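Residue indices begin at 1 and follow the sequence shown. These figures come from a predicted structure and were not determined experimentally.
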Amino acid sequence: MNLLDIFLELLIVVIAAVSLVANSLVLLCFTCSSRVRAQVPGLFIINLSFCNILITVLNMPSTLLAIVKCQKPFGDHFCYTVSFMDTFLTSNTMLSMAALGIDRWIAVVFPLTYSSKMRLKNAVLMVSYVWLHSLAFSLTALLLSWVDYSPAYASCTLHLREGDDMRRGHFTLFTALFHACTFALSLFIMCFAYLKVLQVARFHCKRIDVITVQTLLLLVDIHPSVKQRCLVEQKKRRRRAIKKICIFIGSFVLCFAPYVITRLTELAPSVKIDCHWGIMSKCLVYTKAASDPFVYSLLRQQYKKALFEMRNRILGRNSYTLSGHSSPSGMENEYYTQRVNKLLKDDCH
């Protein structure tokens with residue numbers, strides 16, 4: 001075993017640990033916080049986290065054992081099950097991210113009709129389609145015996161068995177269709193949705209900029225520091241919108257594109273994929289399972305607050321006995337500080 005194999009093993013262990021903890025925290029937030037459960041996007045996030053946990057528990061250990069043993073880690077029947085789950089879960093996670101993009105598009109572009117367009121019933125229908133879409137491809141691959149252990153990826157995954165060259169054309173067509181209907185479709189939806197979101201956000205920022213400048217010209221007595229703070233806040237808002245969209249789309253492409261391109265490249269009979277590159281591209285897919293909780297949920301204010309409340313429950317605290325705010329005078333100072341900050345924000349807007 002060389003150093004690269006050891007590095008890949010350690011990488012999978014770290015990714016699995018982070019993914020399991022982070023996605024479990026998302027599930028805990030959904031279970032313990034009524035505010036998180038009340039939000040329609042929470043259904044997409046919980047479906048995404050559930051799939052990521054299954055990937056962590058089933059697929060990552062399989063790849064790790066295959067690297068350690070340098071062979072198929074399990075028997076045929078168990079490997080077929082893991083292969084089926086690999087195809088199903090990979091497709092499910094991609095389409096769940098696309099569903100989150102659609103939700104953001106409707107929320108930003110149609111804010112007045114969002115509650116009617118994106119009801120819980122509609123969200124359930126979208127998740128049901130994601131599951132049916134994923135099941136259709138994974139069951140087809142299983143029934144046609146196109147699932148097996150692939151040494152190039154050290155994984156039980158979508159694979160044409162050796163000696164089955166008679167059906168190579170059908171397998172090539174199925175693989176290309178699978179990636180077109182999962183990766184390419186999800187990427188197209190995300191790009192369309194988030195670019196529309198960015199257009200609307202930039203339009204509103206420009207409109208707010210004009211209103212802010214006009215207000216500042218009228219309020220000649222306003223302190224210069226407040227004027228500067230308002231202008232800085234406008235720039236920050238634009239940067240945040242661009243940064244979030246780059247993270248959503250960039251992480252999707254960075255984690256999935258190398259693996260998908262490699263899978264399509266190996267369809268050519270003359271192409272042989274280096275095993276280390278194949279495993280590395282698979283690890284990038286696993287990395288998405290570990291990063292999704294931070295990209296879509298844990299860094300948002302609602303989930304931070306839910307985690308904060310859970311921590312206080314474990315430590316036996318409540319919202320009135322927090323560190324630094326236990327005295328009435330401290331609470332009163334905090335209240336007035338928050339009011340002042342709110343008023344300053346209102347001036348900026």
Contact check, side chains of Ser96 and Phe44, non-hydrogen atoms, under 4.5 Å | no
Side chains of Thr63 and Tyr286: do they bring a donor and an acceptor to under 3.5 Å?
-> yes
ILVMFWY cluster, Leu284 and Leu10 together (side-chain gap under 4.5 Å) = no
Do we see a donor-acceptor contact under 3.5 Å between the side chains of Tyr149 and Asp76?
-> no
Taking all atoms of both residues into account, what is the closest heavy-atom pair of His133 and Ser91, and its distance?
-> CD2-OG, 3.8 Å
When you look at Leu95 and Ser134, which way does the side chain to side chain contact (heavy atoms under 4.5 Å, CB included) test go after all the steps?
-> CA-CA 9 Å; Leu95 294 173; Ser134 304; 4.2 Å; yes
Minimum side-chain heavy-atom gap His170-Trp146 below 4.5 Å | yes
Hey, does the side chain of Asp103 reach the backbone of Ala99 with a donor-acceptor pair shorter than 3.5 angstrom?
-> no
Is it true that a side-chain atom of Ser291 and a backbone atom of Lys288 form a donor plus acceptor pair closer than 3.5 Å?
-> yes
Considering only heavy atoms from C-beta outward, does the side chain of Glu309 approach that of Lys305 to under 4.5 Å?
-> yes
Arg168 atom CZ, over 12 foreign heavy atoms within 6.0 Å | yes
Kindly indicate whether the side chain of Lys244, heavy atoms from C-beta on, has any atom under 4.5 Å from the side chain of Val197.
-> no
Identify the heavy atoms of Cys79 and Asp148 that sit nearest to each other, and give their distance.
-> SG-C, 4.1 Å
Please tell me if the side chains of Leu187 and Phe183 come closer than 4.5 Å, counting only heavy atoms from C-beta onward.
-> yes
Let me know which of Leu43, Asn92, Asn122 forms a side-chain contact (heavy atoms from CB on, under 4.5 Å) with Val127.
-> Leu43
Check: Ser49 and Tyr296 side chains under 4.5 Å, non-hydrogen atoms = no
Under 3.5 Å, side chain of Ser138 to main-chain N/O of Leu135, donor-acceptor pair present?
-> yes
Could you check if a side-chain atom of Leu160 sits within less than 4.5 angstrom of a side-chain atom of Phe174, using non-hydrogen atoms only?
-> no
Minimum heavy-atom distance between Ile67 and Ala154, given as atom pair plus value = CG1-CB, 4.0 Å
Can Val147 and Cys156 be said to form a side chain to side chain contact (heavy atoms under 4.5 Å, CB included), step by step?
-> CA-CA 7 Å; Val147 290; Cys156 296; over 6 Å; no
Stepwise side chain to side chain contact (heavy atoms under 4.5 Å, CB included) check, Ile45 with Val36 | CA-CA 10 Å; Ile45 292 175; Val36 174; over 6 Å; no
Could you tell me whether the side chain of His159 and the main chain of Ser83 form a donor-acceptor pair under 3.5 Å?
-> no
Shortest non-hydrogen contact from Pro151 toward Cys275 | O-CB, 4.0 Å
How far does CG of Leu158 sit from CZ of Phe137, to the nearest 0.5 angstrom?
-> 10.5 Å
Within 6.0 angstrom of Phe50 CZ, more than 12 heavy atoms from elsewhere | no
Where is the tightest heavy-atom contact between Met94 and Val260, given as atom of each residue plus distance?
-> CE-CG2, 4.4 Å
Side-chain heavy-atom pair Phe171, Leu144 within 4.5 angstrom cut-off | no
Verdict with reasoning, Asp292 to Asn23, per side chain to side chain donor-acceptor pair (under 3.5 Å) | CA-CA 8 Å; Asp292 281 342; Asn23 286 286; over 6 Å; no
Please tabulate, for the side chains in residues 247-259, all donor-acceptor contacts under 3.5 angstrom to protein atoms that are two or more places apart in sequence or on a different chain.
| unit_1 | atom_1 | unit_2 | atom_2 | d |
| --- | --- | --- | --- | --- |
| Ser251 | OG | Ile247 | O | 2.6 |
| Ser251 | OG | Phe248 | O | 3.3 |
| Tyr259 | OH | Arg263 | NH1 | 2.8 |
| Tyr259 | OH | Lys282 | NZ | 3.3 |

Minimum heavy-atom distance between Arg104 and Pro41, given as atom pair plus value | NH2-CG, 4.2 Å
Taking Ser62 as the fixed residue, which of Thr157, Thr81, Val82 is the one that meets the side-chain contact (heavy atoms from CB on, under 4.5 Å) rule?
-> Val82
